[in-house]
Amino acid sequence: MLPVLRSVVGQNFATLLKRDAQQIEALLESPRQAGHGHLALPVFAWSKEAKMPPPKLAADLAVEMTKIKPPEILAVTPVSGYINFTFTPEFVQKVLTDSIFGKRGKIGFTEVGKGKKIVIDFASPNVAKPMHIGHLRASIIGHSIVNLGKAQGYEVIGLNHLGDWG
């Protein structure tokens, strides 16, 4: 979802910012506080070049961006040294549904961990003591973490060692 949102900002404001669209997209980040939009563009690096403080530069750029904003963007708001972008709910919903339906049967799976190996050691009850419901809980949580690792492309070694004698 984020690459689509980033490209909307990069493609539409590259000319105004006199920067390459990919450079703008690389700078975009999540806002520091919830409720400040979907993406934030820091302008600190450009303030020296513009010879004005970051909050003033962000405010001036936000005014110009609001004039040319595409219909997918609901609001362009300056906050301190950042320009925050809020997208329309309809656009965010469309991007989400397109990404879900484009991955039929593989929702939540990625290749982030491809070529990497992780070891998850979980539960390891002491067999010299009686087993109880807490051991089952730890085993279920551990196995869930193993499954999450596999869904992200990692080669996962799940270890539930039954030999802990204390």
Side-chain angles (χ1 to χ4, degrees), residues 1-118 120 122 137-138 140-156 158:
M1 179 175 119
L2 277 178
V4 175
L5 300 181
R6 289 175 188 270
S7 69
V8 169
V9 173
Q11 299 298 321
N12 287 288
F13 300 119
T15 307
L16 174 68
L17 297 173
K18 298 180 180 114
R19 304 280 191 265
D20 185 51
Q22 286 81 17
Q23 182 185 9
I24 295 168
E25 292 172 28
L27 289 172
L28 289 166
E29 57 188 54
S30 295
R32 302 278 181 220
Q33 286 187 327
H36 279 209
H38 296 104
L39 290 174
L41 178 66
V43 297
F44 302 101
W46 303 332
S47 67
K48 192 178 273 188
E49 177 184 312
K51 296 181 180 157
M52 61 174 63
K56 171 78 169 120
L57 178 60
D60 291 352
L61 288 174
V63 168
E64 294 302 314
M65 289 176 165
T66 302
K67 294 176 185 174
I68 62 169
K69 72 179 176 67
E72 298 90 359
I73 296 178
L74 182 65
V76 180
T77 319
V79 177
S80 190
Y82 294 87
I83 302 170
N84 292 342
F85 301 94
T86 304
F87 293 86
T88 63
E90 296 81 15
F91 181 67
V92 173
Q93 183 179 10
K94 181 187 178 318
V95 170
L96 282 172
T97 53
D98 288 351
S99 70
I100 289 170
F101 290 130
K103 295 181 177 182
R104 287 211 186 272
K106 289 292 187 180
I107 298 170
F109 286 75
T110 68
E111 295 296 321
V112 170
K114 189 172 184 170
K116 298 176 184 171
K117 186 184 295 189
I118 58 174
I120 308 292
F122 58 96
R137 179 180 175 268
I140 291 170
I141 291 171
H143 194 69
S144 297
I145 293 170
V146 168
N147 289 342
L148 287 171
K150 287 179 180 177
Q152 300 310 304
Y154 290 97
E155 179 186 341
V156 182

| Could you give all pairs that pass the salt bridge (Lys or Arg N to Asp or Glu O under 4.0 Å) test and reach residues 34-47, with sequence neighbours left out? | none
| Closest contact, heavy atoms only, Pro53 versus Ser47 | C-CB, 4.2 Å
Quiz: residues 58-72 side-chain donor-acceptor pairs under 3.5 angstrom, not counting sequence neighbours:
from	atom 1	to	atom 2	distance (Å)
Asp60	OD1	Lys56	NZ	3.0
Asp60	OD2	Lys56	NZ	3.2
Glu64	OE2	Lys67	NZ	3.4
Thr66	OG1	Ala62	O	2.7
Lys69	NZ	Ile73	O	3.2

N/O donor to acceptor pairs below 3.5 angstrom from side-chain atoms of residues 84-95, sequence neighbours left out:
from	atom 1	to	atom 2	distance (Å)
Asn84	ND2	His36	O	3.1
Thr88	OG1	Phe91	N	3.2
Lys94	NZ	Asp98	OD2	2.7

Mind listing the side-chain donor-acceptor pairs of residues 16-28 below 3.5 Å, one per line with the distance, residues two or more places apart or on another chain?
from	atom 1	to	atom 2	distance (Å)
Arg19	NH2	Glu49	OE1	3.2
Arg19	NH2	Glu49	OE2	3.4

| note | With sequence neighbours left out, the residues meeting salt bridge (charged side-chain N to carboxylate O under 4.0 Å, His left out) with Lys51 are none
| field | Check: Thr77 and Tyr82 side chains under 4.5 Å, non-hydrogen atoms | value | no
Residues 144-153, side-chain donor-acceptor partners within the protein, below 3.5 Å, at least two apart:
from	atom 1	to	atom 2	distance (Å)
Ser144	OG	Ile140	O	2.9
Gln152	OE1	Thr110	OG1	2.4
Gln152	NE2	Gly108	O	2.8

